[in-house]
Amino acid sequence: MDKKNKHRIYFLLFVILSVTFYLITGCTSVPKPPDCINKSALNAVLSWGESKNGEIDEYYILKMNGEISKVKGDISSRLSFMPPDSLCEILKEIGRLIIEVQSLNVPADHNNFIMYKNPDRDYFFRALWNPEFDNSGNRDFKKLYSRLDNLIDKEKK
């Protein structure tokens, strides 16, 4: 093999490896958080799910980059990504509800819940309600829960 062909093969190999690298990193990367997320909320998560007899077996997590994951036991699997505008709307709504309601804890055999955790601010909020009943305290949380649940309905089935 002459020197010219050797250089062509090395160049072709370099191009193939470069393209493969960019494809792999591009397909596995996650989007950055939208502008509505400030630095102190980057590690915050919004969770929602069902509690049966005080036990939570399966729930969903929304990270501040829009990633939605399903957690069942110790196993977490990424489902999809929420568009930045929708994420900002959801966070604005949960912030409004937390300020308005401040506390919602109605334990029963079967509950729905929404949790917001921000470890950087040492902040935790959980709303827990019986889905069979409707009152002024849980009405808006039920709407938000339904909205969040609709995001993952396709992946649930």
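When atom types are taken as modelled, the side chain of Y59 and the backbone of S51 share no donor-acceptor pair closer than 3.5 angstrom. In this structure, the side chain of N130 engages the main chain of E132 through a donor-acceptor pair within 3.5 Å. Side-chain atoms of N135 come within 3.5 Å of backbone atoms of N138 as a donor-acceptor pair (strictly under, hydrogens ignored). Judged by distance alone, the side chain of N111 and the main-chain N or O of W129 form a donor-acceptor pair under 3.5 Å. For the pair N150 (side chain) and S146 (backbone), a donor-acceptor distance under 3.5 Å is present.
The number of heavy atoms from other shown groups lying within 6.0 Å of CD (E55) does not exceed 12.
Relative ring orientation between F125 and F141 is described as parallel, the plane-to-plane angle staying below 30° on a 0-90° scale split at 30° and 60°.
Residues M64 and L42 approach most closely at CB-O, 3.8 Å, considering heavy atoms. Of all heavy-atom pairs between G66 and L87, the closest is N-CD2, 3.7 Å. Across every non-hydrogen atom of N118 and A41, the tightest pair is ND2-CA, 3.6 Å. Nearest heavy-atom pair, P131 versus N112, reported as atom, atom and distance to 0.1 Å: CB-ND2, 3.5 Å. Nearest heavy-atom pair across F113 and E50 is CE2-N, 3.6 Å. The two residues I61 and W48 come nearest to each other via the heavy atoms C-CZ3, 4.3 Å.
Under a hydrophobic clustering in which Ile, Leu, Val, Met, Phe, Trp and Tyr are joined whenever their side-chain heavy atoms come within less than 4.5 Å, directly or via other members, I94 and F124 fall into different clusters. Hydrophobic clustering (ILVMFWY, side-chain heavy atoms < 4.5 Å, transitive): Y145 and L151 are in one cluster.
A salt bridge between R96 and D140 is present, with a side-chain N of the basic residue lying under 4.0 Å from a carboxylate O of the acidic one. Of the charged side-chain nitrogens involved, none lies within less than 4.0 Å of a carboxylate oxygen, so that K52 and D109 do not count as a salt-bridged pair.
Partners of R126 according to the side chain to side chain donor-acceptor pair (under 3.5 Å) rule, which considers only residues two or more places apart in sequence or in another chain, do not exist here. With sequence neighbours excluded, the residues satisfying side chain to side chain donor-acceptor pair (under 3.5 Å) with D134 are R139. Here S40 pairs with N38, R121 under the side chain to side chain donor-acceptor pair (under 3.5 Å) rule; sequence neighbours left out.
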Exercise for review: Verify side-chain contact (heavy atoms from CB on, under 4.5 Å) between I37 and L91, making sure each step is shown before the conclusion.
Suggested key: CA-CA 9 Å; I37 309 295; L91 293 175; 3.0 Å; yes

**Study point:** Stepwise side-chain contact (heavy atoms from CB on, under 4.5 Å) check, V106 with L128
**Key:** CA-CA 6 Å; V106 184; L128 181 75; over 6 Å; no

Exercise for review: Check the pair M115 / L46 against side-chain contact (heavy atoms from CB on, under 4.5 Å), numbers first and verdict last.
Suggested key: CA-CA 6 Å; M115 287 190 295; L46 181 65; over 6 Å; no

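A distance of 11.5 Å separates CD1 in I98 from OG in S103, rounded to the nearest 0.5 Å. The distance from atom CZ of R147 to atom CD of E93, rounded to the nearest 0.5 Å, is 7.0 Å. Between atom NZ of residue K117 and atom CG of residue D122 there is a gap of 12.0 Å, rounded to the nearest 0.5 Å. Taking NZ from K63 and OG from S69, the interatomic distance works out to 5.5 Å, rounded to the nearest 0.5 Å. Within the model, atoms OG of S86 and CG of L62 stand 10.0 Å from one another, a figure rounded to the nearest 0.5 Å. How far CG of L144 is from CG of L148: 4.5 Å, rounded to the nearest 0.5 Å.
In this structure, Y116 and V45 have side chains that are not in contact, with every pair of non-hydrogen atoms separated by 4.5 Å or more.
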